[in-house]
Structure formats: structure tokens, C-alpha cells
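It should be emphasised that the depicted structure is a prediction, and the values quoted were computed from it without experimental measurement.
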Amino acid sequence: MSFLNISNHDSSDWKGYEKILLRFFFIYFFILVVPIDWKFYQELFNINWATFNFYSLFSLTKYAPQFFGLVGYQNWLFAGFIATLATIIWTFSNTNCNYDSLYYWLRVILRYRLAIGIIAYGFLKVFPLQMPFPSLSNMHTNYGDFLAWKIYFHTLGITQGYEIFLGAIEVVAGTLLLFRRTTTFGAGIIAGFTGNVFAANIAYDASEEVYSLYLVVIALFLLIYDAKRLYSLLVLEQYTIASKFEPIYTTLGLKRLRTTLKGSVFIFLIVLGVSTYANYIKEPYKLPKKTGLEGTYGFYNVREFKYNGVVIPYTTSDTNRWQNVVFEKWATISIKIAKPVKIDTSFGDVYHTNDIDRNFESAGVGGRHYFAYQADTVSKKLSLQNKNKNHASEKFQLSYRFLNDSTLVLSGVNEKKDSVYAVLDKINKKYMLLEGRRKSVKL
């Protein structure tokens, strides 16, 4: 066997440079793939199974070591440095080694690591959690007020069927990796698919550039195993014999170990899939879970507005005057004000228990101020707090009353005790994004 050739159960001749390369790659990938970072185990053992949610398992699937506070590609360089030193020591130690077995087990480790990582992201798309449909507030935000990554997420989020299709590809490709004979097909799909994801992450600054390339590199390493045969078959159109290599397990213990590890991976993926689906059904993790005030969902024009008792007519330049308000289906209000927004540059992709911390709807967005609210339906009061960490001190204590089904009055004070009074008229607006453009629509 070598990197590009295989002989079934016949020990092959490894050239000197191939042995050195294999030693390096084995150590290098072992450092990057096998959990040797104590933070992985800290995260694993801190899982609260009483309040278990899928994100705890999903976080484990994104494992990559972090050395001494290094970030991104720096960790790759550090792993390469260690692997180089270890390879030199190994080379001069004259240690006997079965390189066929070494290569085989390296591929096994990488197959399962890649399968777990890609299937986990596939679940996030099959149950469209990664790119939620844009919120009503987002639909009332100027295009130029979005960061690039948010535009990318919304572009996929509005086509939930396509997002599910992309997720299905990832799940199928990852599943192919779990079987030796279909590994090349899975690796080929992932190399192309995730390569495109890597390019998109660079173009849209979507935060997963390093991780997506990490998956691509593993896929390419697995793919190179059959590169020579694929070239012979597809390019030269020559008769080509497929790899039929099968490992021989010489002891019962090895067979049991193989079955146990393989079974553990399947069980892990099943639990991850079921828990991801449960999150999608019960409380999509990127959106607040608390239901909004009954009867308020919609877009409102601010017909009348007073600030400290002074009427401010409609204007797009006054930094105190509310222009319009959106009540979401969940307990979030967004207000259009001329007051500048310092954009939350996080990606809102982490699971949080508290709604105030679930910031996907407001992350990467300017133009509107997003407030999480607590509603006291007995005394008819709303307590608002800005969800943007850069404006976390902004708060309102408001009373509300409905004049009719479509008119709502809010009055109260902000965190500086300045009084506000706003009369809101709901606009029964139809959205072409929801109505569709391929059929006749009456607005």
C-alpha cells in the first residue's frame, strides 16, 4: 500500500519519502482530530443531562484544538511544528512500523471525524435551524444595513426547501464516509460541497472559514487514496480495479473494540439527529422562545409621538422620534429610530437559555433597535431591554393599551427617565416574499 496504491493483505513497499510523509500526516492529523485538548473534556463533562439540548452535542462535533490562546490557522501551524519535530525523532529512531496498518487507521480516524462534523451541520439544515426565515423586523430593514454574512444567511433562509436539500447532501455524504467502500464518494462530495462553503465564508465573512477548510482538507486527504484509480478510469478510460482492501482483525478484542466504537458513533449521531429535530419543533435555538404579546404581531406606523411631553412630527432625522415599530411573534420589539446603531458583530449562532441572549435577529444588522420584552398582561406593562450588547443600557418601562384591533398606545419612560408616548397604527401589509411572485397577487 502507498498513498495512491493498495494491495489487499499483501505488504507493499513504501518508499522512504512516503514513510516520512505518512509519519508526519499521522501525527499532524492525530493532533488536530483526536480530542487531546482538555477543554473538550471540560465541555463534555459539564453537559447538564437534566436540561439537555442538542447544542451540547453539536458543540462537541466542532472540536478543534486550541493551543495557548492561538486562533484559527495558528493552531494548524503549531500542530505542524509539533508533527515535524515528532517525525524527525521517529525517523531517526529506526522504530519498526507496519505502514499499511498505520495508513489504514489514520483513514479510519479521519473518516469518522469528518462524518460526524459534516452530518452535524447537515442536521442543522435538514431541520432548518442554521438559517432561519428572516424575521418581520429584518424584512423592514434596508439592504445596506445588513452585514454581508446576514445577507447570505437570509438568502438561504428564505428558501427553506433549498436549505433542507443542502442539509440532506451533507447527511448523505457523511453517511457514505461511515462505510469503507463508499468513502471516496462521500469524500468527493464533501470536498466539492464544503469547498464552496469555504469560499462563501470568505466572501461573506461568515465566521466558519477555518472550520470549513479543516473539513475540506480532511476530505481531500481521504480522496487522494483513490486519485490514481479515478484518473485511470475517468481520464485515461482504462480498465481499473477498485480497491477491495479489507482489514483483518486478528483478535476477538479488536473485533469487539471495532463494533463498540462504530456502534457508539451511530448512537451519537442518532441522538444528535433526534435532539436537533426536537429543538426545531419546540424552540429553534436562534430565536427567542417566549411568545409575544397576544394580538400585537405586525408592522406599525408611529402616527403620533411625544418625547418629554413635546410632540415630534414624523421625521427621519430626529434621534428620539420613533418612525415605525415591529412586534415579532416572539417577545421582541424592533423600533426604527434615527439614532445610530453600533452593530452587534457576533453571529448569533450560539445556544442560549435566556431570550435576551438569543441575538441572531439583531446580530449583523443596523438600522433598527431590537428590544426583548417582559409583558405583564394584568397591569398591562412592558419592560424593554435592548438586545444589542453595544446598547444594553437602553431600557423602557412602558404601559400599553389597545384603542382598537389595529391601534396600540405605548407610554412610559426610558432608562434616563425621559418620557415617551407613541400611538401605533398597524399596517396590514402583504409581503411579496410571502405571497410569491409567480402567481397573480392583489395588494
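- For Y277, the OH atom counts as loosely surrounded, since its 6.0 Å shell holds 12 or fewer non-hydrogen atoms of other residues, nucleotides or ligands.
- Taken to the nearest 0.5 Å, the CG atom of L32 stands 12.0 Å off from the CD1 atom of I109.
- Here Y121 and F58 bring their ring centres to under 6.0 angstrom of each other.
- A donor-acceptor pair under 3.5 Å is absent between the side-chain atoms of D318 and the main chain of I312, judged by distance alone.
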From CA spacing to verdict: side-chain hydrogen bond (donor to acceptor under 3.5 Å, both in side chains), N388, N386: CA-CA 6 Å; N388 187 329; N386 199 312; 5.2 Å; no

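- The shortest non-hydrogen separation linking S406 to Y300 is O-CE2, 4.4 Å.
- Between the side chains of Y204 and E209, no donor N or O sits under 3.5 Å from an acceptor N or O.
- Note that R229 lies in the cation-pi zone of Y225, set by a 6.0 Å cut-off to the ring centre and a 45° limit from the axis.
- Taking the six-membered ring for Trp and thresholds of 30 and 60 degrees, F40 and Y63 have ring planes more than 60 degrees apart, a perpendicular arrangement.
- Within 6.0 Å of CD on Q238 lie more than 12 heavy atoms contributed by other residues, nucleotides or ligands.
- Contact of the V271 side chain with the L57 side chain is registered, since non-hydrogen atoms from C-beta on lie closer than 4.5 Å.
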Could you give me the CA-CA distance, side-chain angles and deciding distance for T182 and T175, then say whether side chain to side chain contact (heavy atoms under 4.5 Å, CB included) is met? CA-CA 9 Å; T182 54; T175 304; over 6 Å; no

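- Side-chain atoms of S411 and S399 form no donor-acceptor pair, as typed in the model, at a separation below 3.5 Å.
- Heavy atoms of other residues, nucleotides or ligands lying less than 6.0 angstrom from NZ of K289 number more than 12.
- Classified by interplanar angle (parallel below 30°, tilted 30° to 60°, perpendicular above 60°), the ring pair F67/F78 is tilted.
- In terms of heavy atoms, R401 sits closest to Y421 at NH2-OH, 4.1 Å.
- Looking at E208 and K62, a side-chain N of the basic residue comes within less than 4.0 Å of a carboxylate O on the acidic one, giving a salt bridge.
- Side-chain atoms of N142 and R368 form no donor-acceptor pair, as typed in the model, at a separation below 3.5 Å.
- Between F396 and F371, the ring-plane angle classifies as perpendicular under the 30° and 60° cut-offs.
- Taking a cutoff of 4.0 Å between a charged side-chain nitrogen and a carboxylate oxygen, K286 and E361 do not qualify as a salt bridge.
- For F165, the CZ atom counts as loosely surrounded, since its 6.0 Å shell holds 12 or fewer non-hydrogen atoms of other residues, nucleotides or ligands.
- Both the sub-6.0 Å distance and the 45° axial angle are not jointly satisfied by K387 relative to the ring of Y370.
- The aromatic rings of F153 and W149 sit perpendicular to each other, their planes meeting at more than 60°, with 30° as the lower class boundary.
- Heavy-atom contacts from other residues, nucleotides or ligands closer than 6.0 Å to OH of Y162 number 12 or fewer.
- Between L384 and K395, every side-chain heavy-atom pair lies at or beyond the 4.5 Å cut-off.
- Inspection of the N324 and N301 side chains reveals no N or O donor paired with an N or O acceptor under 3.5 Å.
- Counting only N and O atoms by type, the side chains of E415 and S393 include no donor and acceptor under 3.5 Å apart.
- Checked for salt-bridge contact, E283 and K290 miss the test: no charged N lies under 4.0 Å from a carboxylate O.
- The minimum heavy-atom distance linking E170 with K125 is given by the pair OE1-NZ, 3.0 Å.
- Within a 6.0 Å radius of CG in N48, other residues, nucleotides and ligands contribute more than 12 heavy atoms.
- Side-chain contact check for Q323 and T316: no donor-acceptor pair (N or O, by modelled atom type) lies under 3.5 Å.
- Looking at L178 and L269, their side chains come closer than 4.5 Å, going by heavy atoms from C-beta outward.
- Counting heavy atoms from C-beta on, the side chains of L177 and L110 never come closer than 4.5 Å.
- Both tests pass for R358 against the ring of Y351: distance under 6.0 Å to the centre and angle within 45° of the axis.
- Other residues, nucleotides and ligands place more than 12 heavy atoms under 6.0 Å from the CZ atom of F133.
- Ring geometry for H369 against H391 counts as perpendicular: the plane angle is over 60°, on a 0 to 90° scale with 30° as the lower cut.
- Between the side chains of T407 and N404, at least one donor N or O lies within less than 3.5 Å of an accepting N or O.
- The pair D37-K39 meets the salt-bridge criterion, with a side-chain N (NZ, NE, NH1 or NH2) lying under 4.0 Å from an Asp/Glu carboxylate O.
- Relative orientation of the Y431 and H140 rings is perpendicular, given thresholds of 30° and 60° on the angle between their planes.
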For side-chain hydrogen bond (donor to acceptor under 3.5 Å, both in side chains), just list the numbers for N279 and T276, CA-CA rounded to whole Å, side-chain angles, deciding distance to a tenth of an Å, and then say yes or no. CA-CA 5 Å; N279 183 268; T276 305; over 6 Å; no

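- Side-chain atoms of T315 and S317 form a donor-acceptor pair, as typed in the model, at a separation below 3.5 Å.
- The minimum heavy-atom distance linking V350 with Y55 is given by the pair CA-OH, 3.7 Å.
- Checked by atom type, the side-chain pair S135/N138 shows a donor-acceptor distance below 3.5 Å.
- Remark: the T183 side chain and the R111 side chain contain an N/O donor-acceptor pair separated by less than 3.5 Å.
- Annotation: F123 is not in aromatic contact with F54 [ring centroid separation under 6.0 Å not met].
- In the model, S346 has a side-chain atom that pairs as donor or acceptor with a side-chain atom of N359 under 3.5 Å.
- In this structure, I241 places its CD1 atom where only 12 or fewer heavy-atom neighbours from other residues, nucleotides or ligands lie under 6.0 Å away.
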